[in-house]
Every structure is written in C-alpha cells, then in structure tokens.
Amino acid sequence: MPLPADFFKKDTLELARALLGCLLVKETEEGTAAGFIVETEAYMGASDRAAHSYGNRRTKRTEIMYHGPGHVYTYQMHTHCLVNVVSGREGTPEAILIRALEPFMGTELMFARRKVKEAKQLTNGPGKLAKALGITMEDYGRVFYERPLFIAEGYEPEQIETGPRIGIDNTDEAKHYPYRFWIKENRYVSRRA
DNA sequence: ATACCGATGCTCT
DNA sequence: GAGCATCGGTATA
C-alpha cells in the first residue's frame with residue numbers, strides 16, 4: 001500500500017529523515033522489487049548551490065521539482081539514472097535523492113538486473129538501486145503515492161546519522177551542509193562516515 | 001583498504 | 001561541446 005500524498009507534505013529536511021526506513025517499491029512486467037530506504041540527501045532548492053534548481057533554474061529537467069511534493073524526479077548521470085523525491089510546496093523546487101536501499105523483496109530479479117555476486121552490491125548506491133528496481137527516465141513525473149513506483153510504510157530506524165553530501169566538491173560552501181542522512185550501522189549505506 | 005580512470009548519455013549553453 | 005548528485009575495473013598497499 002502506497003503512503004498517502006499527505007505524507008510528503010513536510011519540511012524537506014524532515015522528509016529526508018522520515019523517508020529512512022520506508023519501503024521503495026517498483027512494479028514491472030518482470031515482477032516487483034522493493035527495498036527499505038537507508039540513505040538520503042536533501043537538495044534545498046533556490047538557495048542551495050549544489051541543487052539543480054539553484055537560483056530557481058527552471059528547465060525541462062528541473063520542471064517537475066516545481067510541481068509539488070511526492071513527484072518523481074529522475075535524472076540521468078553518465079550511464080545511470082538517479083531517483084529523487086520532490087519536496088517543498090508547489091513552486092518551491094526542493095528534492096531528496098535516494099542513495100541506498102536494503103533489499104527486501106524481488107532480490108532474484110535484482111540479481112538478474114545487476115549481475116553482481118554480493119547482495120550488498122545490489123542497492124548500495126543511487127545508480128545501483130535504480131537499476132536493481134528497474135527505475136528509468138520513463139518514471140520522470142510520476143507520483144510516489146501511486147503504483148507502479150511508490151513508497152510504502154517500512155520500519156522505524158533505531159538511530160539516524162548525518163553528514164555532508166557526496167560528490168559535490170565543486171560547489172564551495174554548499175559542500176559542508178549536513179544534508180545527508182543514513183541509518184546508523186546499516187550495511188547497505190553507500191559509504192561510511 | 002584507497003586511488004585513479006574511462007565509459008557513456010542526457011541536459012543545457 | 002562541456003559538464004556532471006556514478007560505477008566498475010585495475011592498480012597499488
């Protein structure tokens with residue numbers, strides 16, 4: 001069961017924490033794959049140098065971030081597709097990147113898609129989890145409160161840790177913001193602190 | 001364990 | 001035509 005649309009109507013940093021422990025589900029013709037979200041990163045829109053929507057940049061790519069919380073923002077990075085949850089009120093272009101999952105169901109399908117040996121390698125990175133679940137640019141513009149790509153209730157994380165975001169060294173002051181959140185001691189987190 | 005490097009595709013200038 | 005919110009291989013320790 002998808003969470004209701006209202007779940008996404010939170011302050012972006014609060015939503016980034018609330019998403020930890022939730023289940024991300026993708027249904028395809030090949031079957032269903034799902035995993036618990038264990039790592040997220042917040043991108044704070046107009047005022048955040050590291051955000052695609054910095055300074056309210058509005059292009060074909062960033063357009064969906066203006067359409068209100070709960071939308072699916074997929075973005076192509078080199079050969080990979082990255083998945084984001086749009087946050088903030090309509091007109092406020094904020095988003096949360098999903099960086100890692102703990103596989104829950106459909107692991108055979110994930111292994112078939114990823115071609116790796118260790119379970120840890122299935123979903124411990126933003127490009128990896130998108131491929132494991134079969135998420136593509138086709139999902140751009142959908143909503144996370146309806147099938148076939150949705151977020152459902154999961155478990156309550158014991159302890160949450162925070163730190164600077166990964167891979168944004170070129171955006172001077174923004175690189176220090178503690179906008180990365182992960183579940184402490186979870187082995188599927190993409191990198192240790 | 002960390003470090004570097006090339007692949008490869010889409011968006012924006 | 002440049003620039004990336006990445007990944008997997010190879011290289012070294």
Side-chain angles (χ1 to χ4, degrees), chain A residues 12-13 15-17 19-20 24 26 33 35 37-67 69 71-88 92-103 110-142 144 149 151 161-183 185 187-193:
Chain A
T12 297
L13 295 177
L15 183 57
R17 289 173 177 272
L19 285 170
L20 295 174
L24 179 65
K26 175 72 194 268
I37 298 169
V38 300
E39 181 180 352
T40 59
E41 275 179 7
Y43 285 84
M44 299 299 284
S47 62
D48 182 356
R49 291 288 290 268
H52 294 152
S53 52
Y54 175 63
N56 281 318
R57 268 161 52 92
R58 190 161 184 161
T59 65
K60 183 183 169 192
R61 183 174 67 159
T62 61
E63 178 62 28
I64 199 64
M65 285 200 268
Y66 293 82
H67 290 217
H71 279 87
V72 178
Y73 173 35
T74 47
Y75 161 70
Q76 191 84 20
M77 178 56 180
H78 295 261
T79 60
H80 307 278
C81 178
L82 278 58
V83 196
N84 300 255
V85 179
V86 173
S87 180
T92 306
E94 301 177 349
I96 296 155
L97 171 67
I98 299 176
R99 286 197 54 91
L101 301 179
E102 175 182 337
M110 293 192 210
F111 274 114
R113 286 169 171 157
R114 292 272 300 125
K115 303 179 180 23
V116 293
K117 292 173 185 170
E118 297 177 77
K120 184 184 169 182
Q121 294 299 320
L122 289 176
T123 54
N124 65 338
K128 298 179 186 182
L129 73 89
K131 188 168 185 192
L133 296 211
I135 296 170
T136 68
M137 289 305 293
E138 302 253 306
D139 292 303
Y140 181 96
R142 293 191 202 272
F144 280 111
L149 173 58
I151 289 171
E161 294 199 296
T162 63
R165 294 171 292 186
I166 288 175
I168 53 162
D169 308 335
N170 47 349
T171 49
D172 44 12
E173 85 266 4
K175 69 185 171 191
H176 302 299
Y177 300 164
Y179 290 168
R180 175 175 174 237
F181 303 90
W182 67 94
I183 296 178
E185 316 251 311
R187 39 187 297 254
Y188 293 95
V189 168
S190 66
R191 300 193 206 177
R192 288 277 168 189

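None of these values were measured; they are calculated from a predicted model. To find a chain, count down the sequence lines: A is the first, B the second, and so on, and within it residues start at 1.
- Taking atom NE2 of A/H52 as the reference point, atom P of B/dT11 lies 12 Å away to the nearest angstrom.
- With rounding to whole Å, A/K128 atom NZ is found 12 Å from C/dG9 atom C1'.
- The main-chain N or O of A/Y54 is never found under 3.5 Å from a side-chain atom of A/R49 such that the two would form a donor-acceptor pair.
- Straight-line distance from the NZ atom of A/K115 to the P atom of C/dG9: 13 Å, rounded to whole Å.
- An OP1 or OP2 oxygen of C/dA5 is reached within less than 4.0 angstrom by no side-chain nitrogen or oxygen of A/K175.
- Under the 3.5 Å distance criterion, with hydrogens and angles disregarded, no donor-acceptor pair is assigned to the side chains of A/Y177 and A/R165.
- Using a 4.0 Å heavy-atom criterion, one finds that A/R57 contacts the sugar-phosphate atoms exclusively.
- By the 4.5 Å heavy-atom criterion applied to side chains, A/L122 and A/F111 are counted as neighbours.
- Across all strands, A/A51 comes closer than 4.0 Å to no nucleic acid atom at all (heavy-atom distances).
- The side chain of A/R61 contributes no N or O atom lying less than 4.0 Å from OP1 or OP2 of B/dT13.
- Picking from C/dC7, C/dA5, B/dC10 the nucleotide with the shortest atom distance to the side chain of A/R114 gives C/dC7.
- Atoms CZ and CD1, from A/R113 and A/I135 in turn, are 9.0 Å apart once rounded to the nearest 0.5 Å.
- A stacking contact links A/H78 to C/dC4: the aromatic ring centre lies within less than 5.5 Å of the base's six-membered ring centre, and the planes differ by less than 30°.
- What separates CD1 of A/I166 from P of C/dC4 is a distance of 18 Å, to the nearest Å.
- Between A/Y75 and A/H52, the angle of the ring planes lies from 30° to 60°, which puts this pair in the tilted group.
- For the pair A/M44 CE and C/dA5 C1', the computed distance is 16 Å after rounding to whole Å.
- Checking B/dT8 for Watson-Crick or G-U wobble geometry (two distances, each under 3.5 Å) identifies no partner in any strand.
- Side-chain nitrogen and oxygen atoms of A/Y43 include none within less than 4.0 Å of the OP1 or OP2 phosphate oxygen of C/dA5.
- In this structure, the CG atom of A/N124 is 8 Å from the P atom of C/dC7, given to the nearest Å.
- Relative to the side chain of A/H80, the nucleotides C/dC7, B/dC10, C/dA5 differ in distance, and C/dC7 lies closest.
- Of the candidates C/dC7, C/dA5, B/dT8, the closest approach to any side-chain atom of A/I168 belongs to C/dA5.
- With rounding to whole Å, A/L122 atom CG is found 10 Å from C/dG8 atom P.
- Computed from coordinates, the A/L82 CG to B/dC10 P distance equals 14 Å when rounded to whole Å.
- The A/Y73 side chain lies nearest to C/dA5 when the options are C/dC7, B/dG9, C/dA5.
- Mapped onto DNA chain B by nearest heavy atom, A/R58 and A/M77 fall at different nucleotides, with A/M77 at the one closer to the 5' end.
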